[in-house]
2 protein chains.
Amino acid sequence: MIDNINRRILKALQKNARISYAELGKQVHLSAPAVAERIRKLEQEGVISGYCVSVDMDKLGLPVVAIVQCKVFRAMERQFKELLLTIPDIIECYNTTGEQAFVIKMATASMARLDEILEQFGDMSDTNTMMILSTPVHRALPDTFFDSAV
Amino acid sequence: MIDNINRRILKALQKNARISYAELGKQVHLSAPAVAERIRKLEQEGVISGYCVSVDMDKLGLPVVAIVQCKVFRAMERQFKELLLTIPDIIECYNTTGEQAFVIKMATASMARLDEILEQFGDMSDTNTMMILSTPVHRALPDTFFDSAV
DNA sequence: TATGAAAAAAGACAGGG
DNA sequence: CCCTGTCTTTTTTCATA
């Protein structure tokens, strides 16, 4: 059940997923057990699928972050999917509409490593590589979701 | 300092950011306070930039998730950036290399709403819209990061 | 730095409205 | 569906190696 209170709980969790139930309770004017119970239900229903950590790629020695769009050649989709499984540099992968299209986000240690991967992709697809210069927005939920919340 | 223990802490946090320090300690064979201290430092150094919640867009009534690539017309970049600020449906936005290129991920309530946004983009850019069919991979860190961990 | 113990806080679980 | 208390676990702080 997604009422205003759950919307505000999700908003707070989006900002800091390690916040305590007591602190969440203060923000939504509910007791800690009431908040815990709501979150438990959201998890059980699959509305909340997990909690993850956000990291700084530069500080972890993975400064080359790129988005690669692959238009996989006909009849090579199966092979391409197998190739994807062998590339540990991938952090996001989307299967999209369009001509056998994949959008892949990678974080690599160097341009040389990125190039190595792109060569492999090149055997099975037309690739379009975009280096990420900056990330103005990155959040779990769009602001539209909170528009109706008080 | 990114040693093997911190790598394993980050790996565990990636899987579940709400895990307790005691449980983390078990996994990396360290006491809870030792783990807490390491995490505090990672946060302070900015290696860990935050903790977020993962949600199911379908269950939240935002079933239309798309990636839009925008090649902004010359001299319209400033206007385009201003337009972006007015669109609350955006969940990710990347400024990339290429001809004034942006890659934008949106979650909207309906195709009609997506179309409405694309029309606005169309005034200032050439757009290429890809509907996300599935998301085989979505994680904070690439597997390469853990390759050297014991 | 890492550890270990004690104080403080948070979470889980009752009974009751 | 929520609140308040109690009990347990976890977190934090501090002293020590």
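In the text below, chain A, chain B and the rest are named by the order of the sequence lines, each starting its count at 1.
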Rounding to an integer number of Å, can you tell me how far [X] [atom1] sits from [N] [atom2]?
X       : N      : atom1 : atom2 : answer
B:Asp3  : C:dT1  : CG    : C1'   : 11 Å
A:Ile9  : D:dC1  : CD1   : C1'   : 13 Å
B:Leu24 : C:dA2  : CG    : P     : 15 Å
B:Glu37 : D:dA15 : CD    : P     : 15 Å
A:Met1  : D:dC1  : CE    : C1'   : 8 Å
B:Arg40 : D:dC14 : CZ    : P     : 12 Å

Just by distance, do the side chain of A:Arg139 and the backbone of A:Lys15 share a donor-acceptor pair under 3.5 Å? no
List the residues meeting side chain to side chain contact (heavy atoms under 4.5 Å, CB included) with [X], not counting sequence neighbours, and say none if there are none.
X        : answer
B:Leu133 : A:Asn95, A:Thr97
B:Lys26  : B:Glu23
A:Ala12  : A:Leu24, A:Gln27

Touch check for B:Arg38, heavy atoms < 4.0 angstrom, all strands: base, sugar-phosphate only, or nothing? sugar-phosphate
Enumerate donor-acceptor pairs with a distance under 3.5 Å from any side-chain N or O in residues 61-86 of chain B to protein atoms, sequence neighbours excluded.
| residue | atom | partner | partner atom | Å |
| --- | --- | --- | --- | --- |
| B:Gln69 | OE1 | B:Asn128 | ND2 | 3.4 |
| B:Arg74 | NH1 | B:Gln100 | OE1 | 2.7 |
| B:Thr86 | OG1 | B:Leu83 | O | 2.6 |

Under 3.5 Å, which protein N or O atoms sit close to an N or O of nucleotides 4-12 of chain C? Give each pair with its distance.
| residue | atom | partner | partner atom | Å |
| --- | --- | --- | --- | --- |
| C:dG11 | OP2 | A:Tyr21 | N | 2.7 |

Tightest non-hydrogen contact, residues A:Met57 and B:Pro142, listed as CE-CD, 4.4 Å
At 10 degrees resolution, what angle do the end axes of the helix from C:dT1-D:dA17 to C:dG17-D:dC1 form when each is taken over five base pairs? 30°
Would you list the pairs meeting side chain to side chain donor-acceptor pair (under 3.5 Å) in which at least one residue belongs to residues 110-119 of chain B, sequence neighbours left out? B:Asp89-B:Arg113, B:Arg113-B:Glu116
Would you list the pairs meeting side chain to side chain donor-acceptor pair (under 3.5 Å) in which at least one residue belongs to residues 39-49 of chain A, sequence neighbours left out? A:Glu37-A:Arg40, A:Arg40-A:Gln44, A:Glu43-A:Tyr51
All side chain to side chain donor-acceptor pair (under 3.5 Å) counterparts of B:Asp3, not counting sequence neighbours: B:Arg38
B:Glu92: partners by side chain to side chain donor-acceptor pair (under 3.5 Å), with sequence neighbours left out: B:Tyr94, B:Lys105
Take A:Leu13 and A:Asn16 through the test side-chain contact (heavy atoms from CB on, under 4.5 Å) and record every step on the way to the result. CA-CA 5 Å; A:Leu13 283 175; A:Asn16 175 18; over 6 Å; no
Hey, can you pull the residues of residues 42-51 of chain A with a non-hydrogen atom under 4.0 angstrom from DNA chain D? none
